[in-house]
Every structure is written in structure tokens, then in C-alpha cells.
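Here the structure comes first, spelled out in C-alpha cells, and everything after it is commentary.
The first residue in the sequence is number 1, and the count goes up from there.
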Amino acid sequence: MNETLKRSISGAVYIVLLLASILYSTESFFILFGIFLIIAVYEFCSLVQINSIAPILLSSIFYISVTLLSHYNIETTKFLNRTLQTQLDLNLNIHQLDLILLAVTLVVSIKCILFLFYDSIQKISTSSKYLYLLGYVTLPFIFITKISFGVTNYNPKIIIGLFILIWTNDTFAFIIGKSMGKHKLFERISPKKTIEGFLGGVIFAVFAGFLISKLYIEPKPEFSQKSILIWMLIALIVGVMGTIGDLIESKFKRIAEVKDSGSIMPGHGGILDRLDSVIFVAPIIFLFYQILNYVS
């Protein structure tokens, strides 16, 4: 089969599966990203050369436990006829858990960014491998599910909007970089990325954030100016941090001396190759949500 056709078919299947699961129900969304997590953990273990059985099992249990605790506590409370005070206490505990998980993830994210600049490191220590597995792979999948709820209820528009921003950034970074790129962004990690492509991707992502807010999130004549600002800021975060996430995965692949993290998607590589931007962006977006809630 022609390589371009193969790439187009697998990409279309991925997008349809992703959108269908997000739009169908909360449960289908959780299940799909749970499956993505299992595959991503397997791929990462292969990259850093550690046994994947225990990490897959522990990551799955952790993902299921936190997801159930975070998003089904209201239904559980009603079923058990708990008091309002009990519900408030549970919500406070969940919020505290979220902050702890966020703190761990952000620390590992900073370590990942520093890892990009460690030119002399061509071998990752065992302890660092498991730390990256937790904070770079597992916890971000949990935050992907959390940001889809916005302030209160599950809102598929949020996660779809986020993926649109990432796809817009990647697409225009490639187009502008290929047609106008002259200055390398981080040549020793990703020789094809250019500063011009990076800036072009960010600019078009911010413009896409404006359109998403106006036409998709708030499709009314009196659309909220606050919503526009929020989505343009989210787009800026996606453009910058998504690119860093892509570079970090490229660093892991360069050390492992492989082109792709896996082969589950013909022509596209593995799940980590497709989600490297969103898993690095998700905790930052969740932090952005917390700051907005605190300020408001």
C-alpha cells in the first residue's frame, strides 16, 4: 500500500475513534484514554528498556482509582445517602489529591525540560526511568480526563478544542517550517524543527483559539470576551509547551536510537508519537484552570 495512503487511513481512523469516544459518553472517553495509557506505558518501557508488566498493571490501577474517585464521587455519595458535609469533605480531599499529583507532575516536567539540555547523558538511570514513567506518562493521562470537566461537568468541547489547537499548531509548524524555515530550533534533538515553524504554529494556534471560543465554545452573538482570552492563552500554552513535549519525546527516542515509539499506527508510529504534545500540555492546562478558579 502507498505510504501516503496508509498514513491517511490510519490518521483518519485515529481521529474518528478519538472524536467518537469523546462525544459518545464520559465512560467511552475514559475507556479510550485508559487504553491509550496502557499502550503509552508499554511504548515508554520499550524506549527506556524496562519490563512493562508491572508498570502497565500499576498505571492502570492508579488511573482507574483516581478517575473513579474524582468523577463519580457525587453519584456514590447519593447512592450511599451521605450528608452534604461528607460530600464537602470528600471534595476537599480530592482537591488536595489533585494538587499533590499536579505538584509531582510539574516537578517531573521541569526535570524533563532540563533533560533536553543534558547533552552528555546518553543513558537514563533506573530511578529516573520510573520517575519519568510516573510524571511524564501516567499522571498526564489523568489530567487529560480532569481538564475535560472544566469547572463542573464533563464538556467534550473542551478536550476536542484542545486537540484542535494541537493539530493546528503541528500542521502550521510543519507547513511554515518546510516552506520558510531557515533557523533550527533544537537541531541536535529534532533537526527538522525550525524557529520559523515554531512561531508560525503558535500564531495559527492562537488564531484557532480565537475561532474555537467564538464559533464552537460560545457560538452566540454575545460571546464572552473572557472566554476568547482564556482560549487564546490556552492556545499559547499549547503552542509552546506542546512543542517542548514533542522535543522531549524525541530526546527519549534519540537515546533509544529509534524513529518511532511504536508501530500501532501505520505511517504515524505509536501512541506516544501522537500524544506527546497533549500529555505534556495537559498538566499545564489543569494548573491554568486552578489559577483561573482561584482568581475568580
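- A 4.5 Å side-chain heavy-atom check between L272 and I279 finds at least one atom pair inside the cut-off.
- The distance from atom CD1 of I264 to atom CZ of R274, rounded to the nearest 0.5 Å, is 12.5 Å.
- Under a 3.5 Å cut-off, the side chain of E196 and the backbone N or O of K182 do form a donor-acceptor pair.
- Residues P283 and L102 form a side-chain contact, since some pair of their non-hydrogen atoms from C-beta on lies under 4.5 Å apart.
- Counting all heavy atoms, side chain and backbone alike, G242 lies closest to V281 at N-CG2, 3.4 Å.
- No donor-acceptor distance shorter than 3.5 angstrom exists from the side chain of S52 to the backbone of Y42, with no hydrogens or angles considered.
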Yes or no on side chain to side chain contact (heavy atoms under 4.5 Å, CB included) for I284 and L106, after CA distance, side-chain angles and deciding distance? CA-CA 8 Å; I284 311 299; L106 292 178; 3.7 Å; yes
Starting from the C-alpha separation in whole Å, work towards a yes-or-no answer on side chain to side chain contact (heavy atoms under 4.5 Å, CB included) for I35 and I39. CA-CA 6 Å; I35 294 171; I39 299 171; 4.0 Å; yes
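- Side-chain contact between I15 and W167 is present, with heavy atoms from C-beta onward closer than 4.5 Å.
- Taking a 6.0 Å sphere around OH of Y63, one finds it holds more than 12 heavy atoms contributed by other residues, nucleotides or ligands.
- Classification of the F163-F33 ring pair by plane angle, with boundaries at 30° and 60°, yields tilted.
- For the pair F280 and C112, the tightest heavy-atom approach, listed with the atom from each and the gap, is CE1-CB, 4.3 Å.
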Go through the steps to decide whether T145 and V66 satisfy the test side chain to side chain contact (heavy atoms under 4.5 Å, CB included), and finish with yes or no. CA-CA 10 Å; T145 64; V66 175; over 6 Å; no
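- Summarising the geometry, atom CE belonging to M241 is positioned 9.5 Å from atom OG1 belonging to T243; distances are rounded to the nearest 0.5 Å.
- By the criterion of side-chain heavy atoms lying less than 4.5 angstrom apart, applied directly or through intervening Ile, Leu, Val, Met, Phe, Trp or Tyr residues, L58 is not grouped with V108; the two fall into different hydrophobic clusters.
- Both Y289 and I159 are part of a single hydrophobic cluster, where members link through side-chain heavy atoms under 4.5 Å apart.
- Remark: I147 CD1 to F288 CZ distance equals 12.0 Å, nearest 0.5 Å.
- Note on ring orientation: taking the six-membered ring where Trp is involved, the planes of F115 and Y132 are tilted (angle from 30° to 60°).
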For T171 and F204, run side chain to side chain contact (heavy atoms under 4.5 Å, CB included): C-alpha distance rounded to whole Å, both residues' side-chain angles, the deciding distance at 0.1 Å, then the answer. CA-CA 9 Å; T171 300; F204 276 94; over 6 Å; no
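- Contact between V137 and A40 at its shortest, heavy atoms only, is CG1-CB, 4.1 Å.
- For OH of Y14, the number of neighbouring non-hydrogen atoms (other residues, nucleotides, ligands) closer than 6.0 Å is greater than 12.
- Between S148 and I158 the shortest heavy-atom distance is O-CD1, 4.1 Å.
- F172 has its side chain out of reach of V202: every pair of non-hydrogen atoms, C-beta onward, lies at least 4.5 Å apart.
- Within a 6.0 Å sphere centred on CD1 of I61, other residues, nucleotides and ligands contribute more than 12 heavy atoms.
- With rounding to the nearest 0.5 Å, the separation of CG in L116 from CD1 in I189 is 6.0 Å.
- At least one side-chain heavy atom of L101 sits under 4.5 Å from a side-chain heavy atom of F62.
- Here K193 pairs with D246 under the side-chain hydrogen bond (donor to acceptor under 3.5 Å, both in side chains) rule; sequence neighbours left out.
- The two residues K259 and K253 have their closest heavy-atom pair at O-NZ, 3.2 Å.
- With a 4.5 Å cut-off on side-chain heavy atoms, L199 and I176 do not count as touching.
- Judged purely by atom type and a 3.5 angstrom limit, S213 has no side-chain atom pairing as donor or acceptor with the backbone of G209.
- A heavy-atom distance below 4.5 Å is found between the side chains of K111 and S128.
- Following chains of ILVMFWY side-chain contacts shorter than 4.5 Å, one can reach I285 starting from L229, so the two form part of one hydrophobic cluster.
- The backbone N or O of S261 lies less than 3.5 Å from a partner atom in the side chain of D273, making a donor-acceptor pair.
- Partners of S59 according to the side-chain hydrogen bond (donor to acceptor under 3.5 Å, both in side chains) rule, which considers only residues two or more places apart in sequence or in another chain, are T138.
- Atom CG of L18 and atom CG of L275 lie 8.0 Å apart (nearest 0.5 Å).
- Sparse packing is recorded around CD of Q49, with 12 or fewer heavy atoms of other residues, nucleotides or ligands lying under 6.0 Å away.
- Residue P191 comes nearest to R254 through the heavy atom pair CD-NH2, 3.7 Å, listed as atom of the first residue, atom of the second, then distance.
- The aromatic rings of F286 and F143 sit tilted, their planes meeting at an angle between 30° and 60°.
- Criterion: ILVMFWY side-chain heavy atoms under 4.5 Å apart, direct or through other members. Under it, I38 and L17 are part of a common hydrophobic cluster.
- Residue I142 is grouped with residue I22 when hydrophobic side chains (ILVMFWY) are merged at heavy-atom distances under 4.5 angstrom, including chains of intermediate members.
- By the 4.5 Å heavy-atom criterion applied to side chains, P140 and I144 are not counted as neighbours.
- Scored by the side-chain contact (heavy atoms from CB on, under 4.5 Å) test, A256 finds L47, V258 as partners (sequence neighbours excluded).
- In this structure, the separation between CD1 on I195 and NZ on K184 is 10.5 Å, given to the nearest 0.5 Å.
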